[in-house]
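Every chain is numbered from 1 and lettered A, B, ... according to where its sequence line falls, protein lines coming before strand lines.
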Amino acid sequence: MGMAEVNMQEPETPTKLEVQLAYADMKESNKLLRLLKAYPLVLVGGILVLALVIIAVFAAKLAPFNPDTQFPNGLAMTGAPLPPGHVFKMGTDDLGRDVMSRVIWGSQVSLEVGLMASMISLFIGTPLGIISGYYGKFVDTVMMRITDVFLAFPFILFVVALVAVLKPSVSNVFIAIGVLGWPLTARIVRGQVLAVKEFEYVQAAKALGAGSFRILFRIILPNIMAPVIVLTTLNIGNNMLLESVLSFLGIGVQPPTPSWGSMLAEGQAVFQYAPWLLYYPGFALLLAVLGFNLLGDGLRELFNPRRVR
Amino acid sequence: MSSLLEVSGIKTSFLTNKGYLPAIEDVSFTLDKGEVLGIVGESGCGKSVTSLSVMQLLSANGKIQQGSIRFEGKDLVKLPDAEMRKIRGNDIAMIFQEPMTSLNPVHKIGRQISESLMLHKGMSRAQARVKAVDLLKSVGIPRAEQIVDEYPHRLSGGMRQRVMIAIAMACDPKLLIADEPTTALDVTIQAQILDLMRKIRQEHNMAILLITHDLGVVAEMCDRVVVMYAGKVVEQGTVKEIFRNPSHPYTVGLMNSIPKLEERQARLPSIPGNVPSLELMPKGCRFATRCEFVTDKCIQEEPTLLPVEENHDARCWLMKKEEVAI
Amino acid sequence: MTDALLSVNDLKMHFPIRKGILRRTVGYVRAVDGVSFDVKAGETFGLVGESGCGKTTTGRSILRLIEPSGGQVFFNGKNVTKLSGTEMRKIRSEMQIVFQDPYGSLNPRYTVQQTLEEPMIIHNLYADASERKKRVMELLEVVGLSTSRMNRYPHEFSGGQRQRIGIARALAVNPKLIIADEPVSALDVSVQSQVLNLLDDLQKEFHLTYVFIAHDLSVVKHISNRVGVMYLGKMVELAESDRLYEKPMHPYTQALLSAVPIPNPEAKRERIILQGDLPSPANPPSGCYFHPRCQSCMDICKTTAPEWKEIEPGHFAACHLYN
């Protein structure tokens with residue numbers, strides 16, 4: 001900062017003092033490096049999320065077997081599932097299917113539901129939140145009362161009703177989660193807009209003659225993106241968890257589609273003598289949700305101007 | 001008479017990602033019983049760090065690396081925490097700039113005053129309450145009996161600052177540190193608060209360390225003044241001396257750049273540039289980058305505090321030259 | 001109509017206080033309550049008062065950043081309060097604003113160049129990017145900033161420099177009038193004088209008219225030709241700035257002036273210390289709003305609001321003492 005200060009009075013004539021004061025500015029890449037140093041867990045989060053994405057995308061290549069095939073040699077003589085072994089690395093389930101393949105394929109469902117549901121919440125919640133926060137008054141009051149109703153609504157009840165009307169499927173699960181999730185996004189966006197619109201740069205744009213559209217989408221929106229991105233990242237993890245809950249309860253993803261939640265439900269019946277049926281999908285779910293949460297927290301730090309300068 | 005407070009050569013640094021950076025260096029001053037000393041300077045000059053160092057209230061990344069702060073002979077720097085807590089609020093009290101945030105919003109005003117009375121003076125709750133009402137009356141709060149049961153948000157900024165002063169006065173301290181006590185207030189309210197501080201000082205013969213950026217406040221309140229710039233004391237002396245004969249070019253520039261009410265000026269004299277940042281402190285005189293009298297010596301070597309007159313020093317090589325010339 | 005560039009006539013801004021589930025209006029905060037003044041082309045009109053006196057609201061209502069609830073604002077003979085949205089947007093290029101907070105008034109996600117180009121894009125001022133860039137560099141030079149840092153973000157500048165950027169943004173559309181809302185209050189004394197001098201230079205160079213809003217009386221006096229003093233949403237006194245400071249008429253102005261600490265320990269003067277706090281503009285006192293704190297309060301002051309009168313040529317006040 002020092003350099004231009006001295007410069008201020010006579011911009012064109014550098015003095016010897018100015019040269020002494022000149023210093024190299026921080027590069028943008030240093031910022032990321034210092035974030036990693038101050039908050040190393042973000043790296044763990046990033047790696048977990050990346051791994052999940054790779055596994056989901058290349059499930060067909062990575063899975064050793066077809067997840068739906070019921071192997072005759074996948075069951076013990078007694079008809080019990082096989083423990084982790086040489087052929088079936090994570091053992092088999094009570095239908096003789098390979099658990100490892102099912103966990104790998106299950107990542108697709110989890111990621112799809114997590115991402116899509118968050119996107120639905122984002123795309124419904126953001127514009128409504130912006131409008132509510134910017135226009136205020138009557139619009140705001142109505143909008144906030146609607147979100148109250150949504151937030152107070154028993155989640156499971158809503159999904160059961162929705163699934164009853166539609167049909168249980170992957171897309172209906174993420175629609176249900178997404179539609180129920182938007183009020184939270186809308187509220188957070190609204191709060192951010194309320195804070196940002198008080199800044200004088202918004203007033204300044206108005207004073208310059210900028211229209212509402214420009215103010216909303218060119219000026220306010222970029223300034224609220226950071227918390228929205230953090231929220232969406234954290235939402236992905238949460239939504240994956242919700243999917244599992246729904247599938248576990250049997251109203252989510254339907255068999256034979258492999259999903260971590262439905263695997264947990266199936267494994268629950270036999271977990272006393274085949275605990276691996278719970279361990280692997282449970283562990284996968286844990287890592288995936290943890291990954292998104294760590295990444296979200298890390299992004300929050302990255303966007304926090306007071307933390308990383 | 002020995003001094004109440006004797007700060008000598010303190011250096012307070014803050015841990016940054018570039019290691020410890022000194023915010024103030026070589027700061028020394030004394031404060032006698034009943035005296036009002038002003039520390040004046042612009043933002044970032046280290047005046048607040050100085051007051052927090054005296055109070056031992058630096059944030060976790062701050063540290064006094066050198067020097068001593070003697071209060072009634074005891075070195076506060078070396079004092080254990082428990083001992084310091086006994087002094088704080090009892091012998092030395094402090095009021096802050098922001099009366100909106102320095103009161104706890106969830107406690108009634110009476111309780112906030114009683115707290116230190118019960119802690120330091122061992123009063124019972126009932127005794128403390130009576131004293132709290134007295135204190136509120138003494139700082140000019142109307143309806144003190146009712147206000148004592150109110151929450152802070154019911155009061156205006158000026159009233160809150162009065163409450164802060166009442167809290168500070170609760171244990172009859174020997175030294176009051178006031179960090180920009182009127183900066184957040186309107187002029188007419190500022191006049192009320194300054195008037196109140198003057199009254200209290202006379203009644204209790206209490207010393208005041210007044211931190212401010214406003215030379216007008218200094219002129220009206222203080223006996224002596226310390227001018228700080230970029231973490232160092234650049235000039236010190238009695239108020240009359242310094243206003244009559246400002247000697248450091250920074251002090252001169254500062255005084256000239258204030259618009260005057262009594263006269264019309266076509267153009268304001270101003271000091272070019274800004275204060276150098278902590279990481280980029282010039283090697284020589286810290287004001288050299290902005291000084292109109294700068295010489296090679298100023299850039300090479302930092303001046304010490306040189307005497308201007310008796311009880312009036314300035315950290316500037318020009319003082320030396322004059323001495324030689326005479 | 002006189003030769004006034006800006007003429008404010010009985011401007012009112014009453015904010016409704018709403019309560020309950022139905023948000024029924026239960027009262028009004030009279031932030032600005034019938035303020036009138038003229039600003040001549042090329043002059044600096046100072047608006048001074050303590051917090052809550054409505055000076056900032058007055059400034060923003062003139063620009064219709066908040067819609068005034070009553071009164072008219074004439075700019076260049078046009079009634080601004082009657083203009084449609086499109087017409088208003090057009091006229092905004094002629095009246096600009098500079099804000100107090102050098103940290104909040106610049107969009108943190110825009111570089112200096114983007115910040116200064118924005119007004120040009122909104123008003124379609126220049127055909128292409130290279131012309132805009134040329135103008136940006138010109139503007140930076142005008143406000144005394146080096147062009148080498150125009151791709152930097154606001155947080156990389158100091159308070160004084162940011163205020164210069166804010167001034168450059170206001171200048172980008174070649175305005176006639178600039179409303180400067182506490183433009184130097186957040187700055188240190190030595191930087192404050194730099195910015196005041198800059199405003200002075202720009203006024204001469206571009207024949208600007210200023211409405212200068214501030215709480216610091218010495219600053220207002222220094223920069224203004226005429227000064228209006230506000231108290232609780234009303235104008236209480238208006239005069240040439242030297243005159244106002246030499247011979248204040250309204251007891252509030254007198255108290256305000258005497259309360260300013262003078263940086264001279266040997267100055268002797270009588271100080272009027274006002275009792276009590278500023279009343280709430282939601283529930284102002286009866287009669288003259290100032291009467292509960294006034295030292296010269298008479299019986300009539302408690303019941304009747306004083307008239308706004310020209311007491312001496314060019315010197316207006318609203319006070320019963322001068323009846």
Donor-acceptor under 3.5 Å (C:Q194 side chain, B:G273 main chain):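 Indeed, once roles are kept as given, a pair shorter than 3.5 Å links the two residues.
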[X] and [Y]: which non-hydrogen atoms are nearest, and at how many Å?
X      : Y      : value
B:V187 : C:E50  : N-OE2, 3.8 Å
C:S190 : B:R290 : OG-NH2, 3.1 Å
C:V191 : B:E42  : N-OE2, 4.3 Å
C:K221 : B:L261 : NZ-O, 2.6 Å

Sort by residue number and list every residue of [range] having at least one heavy atom under 4.5 Å from chain C.
range                       : answer
residues 243-254 of chain B : B:F243, B:R244, B:L254
residues 215-230 of chain B : B:L215, B:G216, B:V217, B:A219, B:E220
residues 146-167 of chain B : B:S156, B:M159

Portion of C:L257 that has a non-hydrogen atom of chain B nearer than 4.5 angstrom: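 Interface part for C:L257: both.
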Contact origin within C:N197 toward chain B - heavy atom pairs under 4.5 Å: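 Both backbone and side chain.
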B:D186 side, atom CG; C:H215 side, atom NE2 - distance, nearest 0.5 Å: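 Those atoms lie 7.5 Å apart.
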Distance in Å, B:D195 CG paired with C:R271 CZ, rounded so as to fall on 0.5 Å steps: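 Rounded to the nearest 0.5 Å, the CG-CZ separation comes out at 7.5 Å.
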Passing candidate, side chain to side chain contact (heavy atoms under 4.5 Å, CB included) with B:T188, options C:L274, C:I273, C:L278, C:V260: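 Only one of C:L274, C:I273, C:L278, C:V260 forms a side chain to side chain contact (heavy atoms under 4.5 Å, CB included) with B:T188, namely C:L274.
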Identified side chain to side chain contact (heavy atoms under 4.5 Å, CB included) counterpart of B:I258 within the set C:D216, C:I262, C:V189: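 The passing option is C:V189.
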For chain B, the option from C:D242, C:L196, C:D200, C:L217 that forms the most heavy-atom pairs under 4.5 Å: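 That would be C:D242.
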Contact winner vs chain B - C:G52, C:S241, C:S258, C:S193, heavy-atom pairs under 4.5 Å: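 Sorted descending by pairs with chain B, the first entry is C:S193.
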Might you confirm whether atom [atom1] of [X] has over 12 heavy atoms from other residues, nucleotides or ligands at distances under 6.0 Å?
X      : atom1 : value
B:K260 : NZ    : yes
B:E203 : CD    : yes
B:E310 : CD    : no

Flag for B:S257-C:Q192: side-chain donor and acceptor within less than 3.5 Å: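 Short answer, no.
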When B:P269, B:P142, B:A191 are compared by non-hydrogen pairs under 4.5 Å with chain C, the top option: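 Option with the top pair count is B:A191.
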Contact listing (chain B partner; residues 245-256 of chain C; heavy atom under 4.5 Å):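 Against chain B, the residues of residues 245-256 of chain C that fall inside the cut-off (heavy atoms, under 4.5 Å) are C:Y245, C:L256.
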